[in-house]
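In each ligand, atom 1 is the first atom listed, and ligand 1 is the first ligand listed. Throughout, numbering of the chain's residues begins at 1 and tracks the sequence.
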Amino acid sequence: MSESIYPESQSGLSDSPNPEEILTNHSYDGIQEYDNPLPGWWKFLFWVAIIFAPIYYIYVHSEGRSIYDQYENHMASVFELRFQEIGELEADRETILEYMNKPEWLSVGKVVYKANCVSCHGADGGGLVGPNLTDDYWKNVTNVEGIASVIEKGAANGAMPAWKNRLSHQNQIVLTAAYIASLRANPVSGGKAPEGKAIGPWQ
Ligand code: HEC
């Protein structure tokens with residue numbers, strides 16, 4: 001170990017009885033280092049943070065506690081409350097056609113559509129990856145109840161996902177089907193080119 005490179009008068013350590021004692025015992029190209037360990041409280045917090053982080057991460061991201069899960073649960077209970085009024089809807093022709101004429105319930109279908117379907121079918125239903133839902137051409141659907149069935153079971157081996165287990169309530173499928181059926185009244189100009197076969201009006 002070499003001597004301090006600073007004269008004692010400039011080292012700022014003149015109070016210290018022997019500056020050499022607080023130098024670490026290495027020297028790189030004559031550069032020396034004081035031995036200034038981090039304070040105990042700092043190291044303590046460092047370890048506490050390291051131990052705390054994974055516990056907190058696992059806690060917050062486990063089922064039901066993330067802000068997304070909380071949102072989903074709240075939405076599910078909102079739907080549940082609203083659906084008390086109409087009970088469990090059948091996914092049949094009469095029901096879907098009936099709810100096509102109930103704007104206040106169609107809006108529930110619209111909410112489901114906006115939250116889950118826009119990424120593939122476009123905000124207005126004009127089609128993106130998935131087909132245009134506003135024209136007269138349909139690939140998997142020949143009647144209005146067929147819409148509910150495609151939503152429930154999916155199509156093209158999952159290219160169109162099955163929503164049965166993703167939506168919290170059967171009524172969401174029926175009301176979304178009614179909303180989709182209603183889109184044909186306003187075909188999107190410049191939507192995706194027709195796919196499938198032309199079918200007659202819903203009846
Ligand atoms: C990951 C992309 C994707 C999402 C998300 C998606 N779809 Fe689809 N959807 C598709 C594809 C692709 C098809 C066409 C399947 C085929 O080629 O037969 C399709 C087909 C359909 C059809 C039948 C159209 C026809 O011409 O036969 C309906 C109805 C439909 N989707 C409704 C919905 C609804 C409602 C939602 C939201 C709850 C939704 N889709 C979400 C990709 C998607």
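Inspection of the environment of atom 8 (Fe) of ligand 1 yields the following protein N, O or S atoms under 2.8 Å: His121 NE2, Met160 SD.
With distances taken over non-hydrogen atoms, the option nearest atom 12 (C) of ligand 1 out of Ala159, Pro194, Ala181 is Ala159.
Inclusion of Asn116 in the set of residues having an N or O under 3.5 Å from an N or O of ligand 1 is not warranted.
In this structure, Lys110 has no side chain to side chain donor-acceptor pair (under 3.5 Å) partners at least two apart in sequence or on a different chain. When the side chain to side chain contact (heavy atoms under 4.5 Å, CB included) test is applied to Pro39, the partners found at least two apart in sequence or on another chain are Trp41, Trp42. Asp124 meets the side chain to side chain donor-acceptor pair (under 3.5 Å) test with no other residue; sequence neighbours excluded.
Not one N or O on the side chain of Glu195 forms a donor-acceptor pair closer than 3.5 Å with the backbone of Trp138. The main-chain N or O of Ala91 is never found under 3.5 Å from a side-chain atom of Thr95 such that the two would form a donor-acceptor pair. A side-chain donor-acceptor contact under 3.5 Å links Lys192 to the backbone of Val129. Judged by distance alone, with hydrogens and angles left aside, the side-chain atoms of Gln170 form a donor-acceptor pair with the main-chain N or O of Leu89 at under 3.5 Å. Side-chain atoms of Asp92 never come within 3.5 Å of backbone atoms of Glu145 as a donor-acceptor pair (strictly under, hydrogens ignored). Counting only distance, with no hydrogens or angles, the side chain of His121 and the backbone of Pro131 share a donor-acceptor pair below 3.5 Å.
At least one heavy atom of Thr176 lies less than 4.0 angstrom from ligand 1.
Here Trp138 has heavy atoms under 4.0 Å from ligand 1 in both its backbone and its side chain.
The nearest protein atom to atom 29 (C) of ligand 1, hydrogens excluded, is given as Ile147 CG2, 3.8 Å; this is a heavy-atom distance. Remark: minimum distance from atom 18 (O) of ligand 1 to any protein heavy atom is reached at Asn140 ND2, 2.9 Å. Of the protein's heavy atoms, Ala156 CB, 3.8 Å lies nearest to atom 15 (C) of ligand 1. Distance from atom 25 (C) of ligand 1 to its nearest protein heavy atom, with residue and atom name: Lys139 N, 3.3 Å.
For ligand 1, the atoms sitting less than 4.0 Å from at least one non-hydrogen atom of Val141 are 27 (O), numbered in the order shown with element in parentheses.
Ile96 places none of its side-chain heavy atoms less than 4.5 Å from the side chain of Ile147.
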